[in-house]
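Have a look at the structure below before the remarks.
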2 protein chains.
Amino acid sequence: MQPPANVLQHIARHIDLEPAEEKCFLDMLSPRSLKARELLLDEGEVCRHSAFVTRGCLRGYTIDQNGYEHVLQFAPPNWWIADMYSLITQKPGTLIIEALEDSEVLLLSKTDQEQLYRDVPQFERFFRIITENSLVTNRQRVLDNLSLTASQRYEAFCHRYPTLIDTLPQKQIAAYIGVTPEFFSKMKAGLKK
Amino acid sequence: MQPPANVLQHIARHIDLEPAEEKCFLDMLSPRSLKARELLLDEGEVCRHSAFVTRGCLRGYTIDQNGYEHVLQFAPPNWWIADMYSLITQKPGTLIIEALEDSEVLLLSKTDQEQLYRDVPQFERFFRIITENSLVTNRQRVLDNLSLTASQRYEAFCHRYPTLIDTLPQKQIAAYIGVTPEFFSKMKAGLKK
DNA sequence: GCCAGCCAATAACCTAGATTAAGAAGCCAT
DNA sequence: ATGGCTTCTTAATCTAGGTTATTGGCTGGC
């Protein structure tokens, strides 16, 4: 399990808020607890919230035509998670968001988020910045998938999610770096030699 | 070659500006012409501008340890291109941005962009939105790389860049979908049957 | 204390796509 | 037109990683 997280500290890393603005923001958040394996969002649903993780760990993944899972993102405390496509378009998405262990999140609804942009324009900046960072990470991942071997991608994973290496089942890591659990096992055995 | 593009029309799709604000923005842009194969940004340089393409076509790519090229993005008219990582951190990046044909771009420097955020806060929103869209696209691409075969990725490419299918050399498309030009050629021959 | 589900490991075999090499075909610029 | 590029194609061989199947260990609920 991860240490608890504080939203305001997280936000203060990018923008400065007045106490009243902080309150306005906090009032929009609704806490929610999730049991291990509980879904925050299922395939085919419209994503109506961004979630900020305060405890536990979630993952966002999809299931392909052959039934294989592919993990797009892990979300330990202090990370945001949502089906960005569905959140923007308000159309049904393909992402499944699931708690990997008992977890707690703060939900910010899309309508509240839009209201927030109007009331506290600084949040426009805040979400621009974290979206930019997320984009950089994703671009690097595209590159990694194009140019690295499986074990190099595993190294990259260890670098990106150092806290998760030992707590996560191997099959989840395999579904993130893009190999089968069988090959992942073989690969790890080979790495030690 | 692509039709010419208009920045203001492009921006008006997401935000409404006063004439004075439009002028403020336009004054920050400096046009630049590029010959085919000319570089807008080389490996190891610090990226100091975002570029909006008005004519021609650019590509952003990297070269891996084995000397293979991997295309992260094509930029036909009306697209922005930059090494986001380097632009944010102002550290040397790995992206190479090259004109694939004679092209024209409008450059917005990082310092001007930051000034713009202060002078016309609406641009904070504008760039948040296009960054969000870009993120959605990139996430889909990660998924495509994890779950699709080469020819399915080619289909996805055709869908994403319909105007480029016939104008681009095959090797560039191969470097985008993540196969060798040799395999791409074999694959295309196979598709017709 | 036992059964049911996970999860990891190993092994034999299989395939998508890489590698290497060689020509053929287009496209300039002189 | 001709020599030098770059691009495209074909083909033989090779390999990273997938597939299928079996085993055994661990955990958690009743």
Side-chain angles (χ1 to χ4, degrees), chain A residues 1 35-39 57 59 61 63-71 74 98-102 142-157 164-193, chain B residues 1 35-39 57 59 61 63-71 74 98-102 142-157 164-193:
Chain A
M1 212 189 42
K35 294 264 174 206
R37 303 207 188 172
E38 197 178 344
L39 300 190
C57 184
R59 65 164 177 152
Y61 71 101
I63 300 179
D64 70 21
Q65 307 144 321
N66 306 315
Y68 292 106
E69 297 183 357
H70 303 282
V71 175
F74 294 111
E98 179 199 50
L100 287 166
E101 50 186 284
D102 292 354
V142 169
L143 257 186
D144 288 354
N145 286 338
L146 290 177
S147 62
L148 302 183
T149 64
S151 67
Q152 289 172 323
R153 269 175 281 144
Y154 176 54
E155 271 184 60
F157 165 85
L164 300 183
I165 303 170
D166 298 317
T167 62
L168 232 45
Q170 288 191 10
K171 58 176 297 197
Q172 300 299 346
I173 302 180
Y176 179 91
I177 67 173
V179 294
T180 58
E182 293 84 355
F183 182 77
F184 187 74
S185 174
K186 183 161 68 172
M187 193 189 80
K188 275 191 69 176
L191 281 183
K192 288 172 193 160
K193 287 163 202 164
Chain B
M1 211 188 42
K35 294 266 174 202
R37 304 207 186 173
E38 197 178 343
L39 299 190
C57 184
R59 64 166 178 153
Y61 71 100
I63 301 179
D64 71 20
Q65 307 144 322
N66 306 316
Y68 292 105
E69 297 182 358
H70 303 282
V71 174
F74 294 110
E98 178 199 49
L100 287 166
E101 50 186 284
D102 293 353
V142 169
L143 258 187
D144 289 353
N145 286 337
L146 291 176
S147 62
L148 301 183
T149 64
S151 68
Q152 289 171 322
R153 269 176 280 145
Y154 176 54
E155 271 184 61
F157 165 84
L164 299 184
I165 303 169
D166 298 317
T167 63
L168 231 46
Q170 288 191 9
K171 58 177 297 200
Q172 300 298 344
I173 302 179
Y176 179 91
I177 67 174
V179 294
T180 57
E182 291 84 355
F183 182 76
F184 187 74
S185 174
K186 183 161 66 172
M187 194 189 79
K188 275 193 70 175
L191 280 183
K192 288 172 194 163
K193 287 164 202 164

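Side chains included, hydrogens not; waters and symmetry mates left out as well; all remaining heavy atoms used. Just so we're on the same page: letters track the sequence lines, and every chain starts at 1.
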Return the value, rounded to whole Å, for the distance between atom CD of Glu182(B) and atom P of dA24(C).
-> 17 Å
Ala150(A) vs Pro169(B), nearer the 5' end of DNA chain D by closest nucleotide = Pro169(B)
Could you tell me whether the side chain of Gln152(B) and the main chain of Thr149(B) form a donor-acceptor pair under 3.5 Å?
-> yes
Take Val179(A) and Gln170(B), find for each the nucleotide of DNA chain D with the closest heavy atom, and name the residue whose nucleotide sits nearer the 5' end.
-> Gln170(B)
Phosphate OP1/OP2 of dA16(D) contacted by Thr149(A) side-chain N/O (<4.0 Å) = no
Is the phosphate of dA18(C), meaning OP1 or OP2, less than 4.0 Å from a side-chain N or O of Tyr68(B)?
-> no
Asp64(A) side chain vs Asn66(A) backbone, donor-acceptor pair below 3.5 Å | yes
Tell me: CD1 of Ile177(B) to C1' of dG17(C), nearest whole Å?
-> 11 Å
What nucleotide, of dG17(D), dG17(C), dC7(C), holds the atom closest to the side chain of Arg153(B)?
-> dG17(C)
What nucleotide among dG18(D), dC7(C), dT10(D) has an atom nearest to a side-chain atom of Ala189(B)?
-> dT10(D)
Would you tell me if any nitrogen or oxygen in the side chain of Thr180(B) comes within less than 4.0 Å of OP1 or OP2 on dG17(C)?
-> no
Taking atom C1' of dG17(D) as reference, at what distance in whole Å does atom OH of Tyr154(A) sit?
-> 18 Å
Do Arg59(A) and Glu69(A) come within less than 4.5 Å of each other through their side chains, counting heavy atoms only?
-> yes
Please state how far atom CG in Leu148(A) lies from atom P in dA16(D), giving the value in whole angstrom units.
-> 15 Å
In whole angstrom, what separates Lys188(A)'s NZ from dA9(C)'s P?
-> 6 Å
Would you kindly give the NZ-to-C1' distance between Lys186(B) and dA18(C), to the nearest whole Å?
-> 9 Å
Counting only N and O atoms by type, is there a donor-acceptor contact under 3.5 Å from the side chain of Asp102(A) to the main-chain atoms of Lys35(A)?
-> no
Roughly, in whole Å, what's the span from CG in Leu168(B) to P in dT6(D)?
-> 17 Å
Quick one: pull up CG in Leu100(A) and OG1 in Thr167(A) and give me the separation to the nearest 0.5 Å.
-> 8.5 Å
Separation of Ile173(B) atom CD1 from dT9(D) atom P, in whole Å?
-> 11 Å
